[in-house]
Colleague: 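Encoded as structure tokens, here's the structure I'll be asking about.
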Amino acid sequence: MVKRALLSVSDKTGIVEFARGLEQLNIEIISTGGTARMLRDAGIETIDVSEVTGFPEMMGGRVKTLHPRIHGGLLCLREDASHMGEAEKESIELIDMVAVNLYPFEITVSKDGVNLEEAIENIDIGGPTLLRSAAKNYAAVTVVCDPEDYGHILKELRSTGVVSDQTKEKLAVKAFRHTANYDSTIDTYLSKTLLGEDVLRMNFTDGVKLRYGENWHQEATYYKEKGIEGPSLSNAKQLHGKELSYNNYVDADNALQTIKEVGNKNPAVAIVKHNNPCGLATGNTLCEALQHAWDGDPISAFGSIICTNTVFDMESAQYLKGKFVEIILAPGFEHDALEYLKEKSANLRLLELPQFNENFDTEYTYKYVVGGMLKQQRNVGLYEKWECVTDAPYPEEKRGLSEFCIAACKSTKSNSVTLAYEYKDGCYVMLSMGAGQPNRVDSIRKLATTKARENLELIYEREKPDMSFDEYWESVLSECVMASDAFFPFDDSIVHADESNIKYIISPGGSIRDEEVIATANRLDISMVFTGMRHFLH
Ligand code: 5GP
């Protein structure tokens with residue numbers, strides 16, 4: 001039974017409606033200065049907290065509710081005769097509900113130029129104390145720290161006359177989490193300001209248990225980061241299919257990051273397997289991009305994850321007929337495409353991400369190592385400079401293709417090289433990539449160029465161009481661009497690129513043997529740009 005409620009809120013959203021609802025249920029309302037004023041202005045009766053405590057609110061609001069008449073009323077064990085006896089002796093009246101939200105400390109300290117005094121004045125003391133007292137005694141007291149909960153509580157009270165035990169338990173946990181987060185924010189700010197120390201603090205919601213981890217015998221959980229607004233898997237809406245697996249999360253995240261790197265000048269598609277893009281293309285239409293991305297590695301694309309930068313349409317959906325994919329992540333789905341894909345497979349996971357075109361809302365990335373955590377700024381940007389270092393000039397017409405090629409390379413695990421080709425005016429495809437090798441030469445020689453040959457053989461057979469395969473191979477490779485994620489430590493990579501007729505190379509540069517590398521490029525009539533920006537990805 002709720003007979004008396006104490007309302008003391010900094011964020012006054014919805015408080016008048018809530019108080020009115022309580023009043024209609026004949027619940028007596030106690031409130032602090034600003035809250036009381038607002039309620040009275042709305043014609044709601046309220047008792048001042050100073051009337052209950054017998055003390056004025058004092059010291060500029062620092063002391064309002066910190067009093068045994070308040071905390072005794074909250075903490076008193078109702079079923080304990082001695083508690084009840086003491087309460088009666090000291091004229092402490094029981095309080096059955098607390099609705100409190102706290103001084104906006106986080107907002108205050110995130111403002112430019114905030115000073116320490118202002119920050120300290122915004123450390124709420126009485127509010128968290130009220131929340132903690134009420135939450136500790138949740139069996140008897142309902143504790144509300146979020147205006148979002150007002151409606152539900154009123155509904156329960158109206159329909160059953162009480163707040164259910166289950167709701168009180170949930171609200172108590174929420175209140176403790178709220179005060180814990182609040183104190184964490186204070187700790188982070190004061191550690192930095194007073195001690196010059198950086199505290200690593202991340203804020204996650206309740207974990208979602210996954211069926212298993214990277215392998216069947218590993219348990220796993222996905223935690224959403226709180227308050228993230230930009231594109232992220234945490235914000236994606238699942239429209240169809242099974243729940244995501246651990247590997248799905250990893251790969252879909254790579255697909256999203258890859259496609260964001262490519263941008264949205266043209267429709268683009270990334271196809272990811274094992275945390276690397278195996279297919280990537282842009283096109284005049286989404287389906288054209290999809291087809292070319294698929295051609296980038298049709299073997300690996302089996303069971304892959306697809307991410308697009310444009311709404312998934314029917315033509316693209318039909319292209320996937322008979323092809324097995326795990327996930328499609330897109331800014332949206334055309335209605336008929338959605339129905340078609342749902343029909344195609346009960347398991348295919350369809351994820352809609354309307355925030356797709358916004359920037360990522362995360363400044364840092366984190367990586368757990370045994371016993372430690374690494375934190376770094378996100379890798380933002382493609383290149384720092386654009387400097388042709390060879391005798392052969394680097395044509396400006398290759399800039400768009402080169403940017404695409406760097407984007408592909410940046411999203412591929414090191415050591416990585418990518419080959420990209422402009423198959424049509426302004427439309428690019430990643431011909432192949434070499435990923436995850438402990439040396440760059442193998443990424444080029446054993447993977448990227450070998451794979452490019454295999455893929456082009458398939459396309460050659462399908463499209464039967466009017467030339468020999470060798471001519472076809474040479475015509476494509478001599479116009480493609482090769483990007484390397486890091487500098488060439490020796491000139492051997494340039495020699496191998498030349499063996500496949502590659503003429504345009506992009507590298508960050510910065511090796512102690514740059515001169516030797518450039519001399520070899522000059523000797524082989526290759527043009528090369530140094531970007532000054534390395535893109536290791538591990
Ligand atoms: P009001 O606007 O009603 O005057 O104040 C509401 C705010 O006061 C709430 O954010 C609440 O957490 C806070 N509060 C309640 N009691 C105390 C107290 O004794 N000391 C301090 N510093 N804040 C309190």
Side-chain angles (χ1 to χ4, degrees), residues 4-20 22-23 27-75 92-111 114 116-137 141-150 153 171-172 174-187 189-190:
R4 297 175 96 209
L6 168 59
L7 312 187
S8 176
V9 290
S10 179
D11 172 2
K12 302 206 163 40
T13 313
I15 195 65
V16 167
E17 295 71 21
F18 185 53
R20 188 166 287 130
L22 296 177
E23 188 176 52
I27 295 168
E28 205 170 50
I29 295 170
I30 309 165
S31 57
T32 48
T35 311
R37 257 192 313 280
M38 189 167 193
L39 298 185
R40 285 196 186 109
D41 286 350
I44 297 163
E45 263 188 53
T46 176
I47 304 165
D48 287 322
V49 83
S50 52
E51 209 179 299
V52 177
T53 60
F55 276 92
E57 293 185 21
M58 59 171 89
M59 296 168 187
R62 281 189 168 204
V63 182
K64 303 186 213 180
T65 57
L66 295 162
H67 192 280
R69 288 239 170 79
I70 300 294
H71 287 276
L74 291 170
L75 284 164
I92 292 171
E93 286 188 63
L94 302 181
I95 302 171
D96 320 296
M97 178 184 285
V98 152
V100 169
N101 55 59
L102 309 177
Y103 292 175
F105 182 79
E106 193 164 8
I107 297 174
T108 305
V109 295
S110 60
K111 279 192 273 187
V114 63
L116 185 61
E117 281 94 316
E118 198 186 337
I120 285 177
E121 252 355 279
N122 272 282
I123 297 177
D124 197 326
I125 300 297
T129 313
L130 287 171
L131 289 176
R132 288 166 55 80
S133 289
K136 173 166 170 151
N137 209 9
V141 184
T142 305
V143 53
V144 200
C145 63
D146 180 356
E148 289 272 313
D149 294 318
Y150 295 161
I153 290 165
L171 291 170
K174 189 167 178 175
F176 277 121
R177 185 173 303 157
H178 190 60
T179 57
N181 287 337
Y182 192 77
D183 277 343
S184 297
T185 314
I186 297 168
D187 169 18
Y189 172 78
L190 289 183

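Counting convention: from 1, in listed order, for ligands and their atoms alike.
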Colleague: Under the rule for side-chain hydrogen bond (donor to acceptor under 3.5 Å, both in side chains), what residues qualify as partners of Glu28, not counting sequence neighbours?
Modeller: Arg4
Colleague: Do side-chain atoms of Asp124 reach the backbone of Tyr103 as a donor and acceptor pair under 3.5 angstrom?
Modeller: yes
Colleague: Where does the angle between the aromatic ring planes of Phe55 and His67 fall among parallel (under 30°), tilted (30 to 60°) and perpendicular (over 60°)?
Modeller: tilted
Colleague: Asp48 and Ser50: side-chain donor and acceptor closer than 3.5 Å?
Modeller: no
Colleague: Any side-chain donor-acceptor pair under 3.5 Å between Thr35 and Ser8?
Modeller: no
Colleague: So which residues, sorted by chain and number, lie with a heavy atom under 4.0 Å of ligand 1?
Modeller: Ser8, Val9, Ser10, Lys12, Thr32, Gly33, Gly34, Thr35, Gly61, Arg62, Val63, Lys64, Thr65, Leu66, Val100, Asn101, Leu102, Tyr103, Asp124, Ile125, Gly126, Gly127
Colleague: Is a donor on one side and an acceptor on the other found under 3.5 Å between the side chain of Asp96 and the backbone of Val141?
Modeller: no
